[in-house]
Student: 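Let me give you the structure first, and then I'll get to my questions.
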Amino acid sequence: MSDAAMVDLDRGDGIAWLRLNRPHRLNALTTEMRRELLGTLEAVRADPPHVLVVTGNGRGFCAGQDLGERLGQVERGEEIDLRASLVDTYNPVIRALGDLPCVTLAAINGVAAGAGIGIALACDIAIMARSATLALAFGKIGLAPDAGVSWRLARQLGEARALALMLSSAVIGAEQAMSWGLASQLAEDDMLDTEVVALARQLATGSIDAQLATRRLVRNPSAHLDDQLVREAEEQGALGRTGYFQNRLRSFSAKA
Ligand code: T3D
């Protein structure tokens with residue numbers, strides 16, 4: 001398989017699909033694939049669609065780090081430097097996803113394990129297929145959560161529940177993920193793409209400026225309400241000057 005085939009990007013009508021493409025390994029990430037993913041995210045940043053859908057080809061979303069790559073290193077007697085792996089590629093992927101100038105939508109088509117969960121949760125919105133799962137696989141191989149998973153789960157689920165799940169390497173089903181707010185929509189397996197397209201089209205009619213301002217306010221909230229009120233006022237001040245807002249006011253009054 002050529003390097004270029006490990007991450008696909010299809011564009012059209014303001015919506016781009018980024019597909020992780022190592023289906024025979026449930027889209028587990030090798031170092032080369034993470035570099036390719038970073039390059040693809042840079043290309044998206046340079047020429048952003050309105051909505052980026054992130055999904056996996058085949059029956060998995062992303063099984064996290066490719067364990068075969070690490071085993072190969074162990075068997076060759078090479079030094080394993082997981083810190084460097086995270087600093088050099090995983091962390092930049094998570095940061096890049098969270099900072100793209102487009103709305104990001106994870107279409108979790110199958111299992112997301114380890115850092116695959118980090119990729120899914122780095123997106124603005126997650127839609128899960130009914131049979132998809134989030135496998136907190138880190139502990140099973142003697143690792144702690146990375147790719148932002150410890151931070152996101154503790155923030156979303158509370159420290160006690162998140163810790164219990166991570167310590168027991170739990171597998172979270174789609175319905176449970178929905179009820180805990182890790183995913184915002186559940187789709188029957190054969191309806192996932194249809195529902196993703198419907199949501200992406202709806203999002204693409206919105207104001208990208210307002211959507212990105214909303215992400216900034218929600219993803220990086222101020223510690224104190226007073227500071228957040230100031231930031232909301234600043235964001236709203238800028239949005240009030242956009243053509244999108246002013247055109248919407250005109251259409252609203254034309255209908256009245
Ligand atoms: O290393 C660093 O840089 C540090 C960063 C670490 C971040 C991490 O992500 S750590 C966590 C790594 N991921 C895992 O530990 C998950 C390992 N995989 C699994 O536990 C299971 O495969 C799944 C729960 C994901 C799915 O189970 P199942 O039964 O649906 O599928 P399967 O039969 O286990 O897997 C299908 C194939 O994919 C299989 O290959 P085969 O037998 O058909 O040739 C399996 O070996 C392969 N596969 C699945 N996950 C990985 C993988 N190959 C390499 N790496 C994987 N992570």
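Numbering of residues begins at 1 and proceeds along the displayed sequence. For ligands, and for the atoms within them, numbers begin at 1 and follow the listed sequence. Because only heavy atoms are used, hydrogens play no part in the values below, and waters and symmetry mates are left out as well, while side chains stay in.
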Student: For a side-chain contact (heavy atoms from CB on, under 4.5 Å) with I125, tell me which candidate from L199, V196, V51 qualifies.
Tutor: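 Testing each of L199, V196, V51 against I125, the sole residue satisfying side-chain contact (heavy atoms from CB on, under 4.5 Å) is L199.
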
Student: Is there a path of hydrophobic side-chain contacts, each under 4.5 Å between heavy atoms, that joins L212 and V53?
Tutor: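 Yes, one cluster joins them.
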
Student: Can a salt bridge be assigned to the pair R19 and D10 using a cut-off of 4.0 Å between side-chain N and carboxylate O?
Tutor: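 Counted as a salt bridge, because a side-chain N and a carboxylate O are separated by less than 4.0 Å.
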
Student: Could you pull out every protein residue that has a heavy atom closer than 4.0 Å to ligand 1, ordered by chain and then number?
Tutor: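 Heavy-atom contacts below 4.0 Å: H24, R25, L26, A28, R59, A63, G64, Q65, D66, L67, R70, L82, S85, Y90, V111, A113, G114, A115, A137, F138, I141, D146.
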
Student: For a quick test of reading the model, state the closest non-hydrogen atom pair linking T242 to L239 and the distance between them.
Tutor: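 Distance-wise, the nearest heavy atoms are OG1-O, 2.7 Å.
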
Student: Below 4.0 angstrom, N of the basic side chain to O of the carboxylate: do R215 and D124 qualify?
Tutor: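 Salt bridge: yes.
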
Student: Taking the basic N atoms (NZ, or NE/NH1/NH2) and the acidic carboxylate oxygens, is any pair closer than 4.0 Å for D88 and R34?
Tutor: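 No, D88 and R34 are not salt-bridged.
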
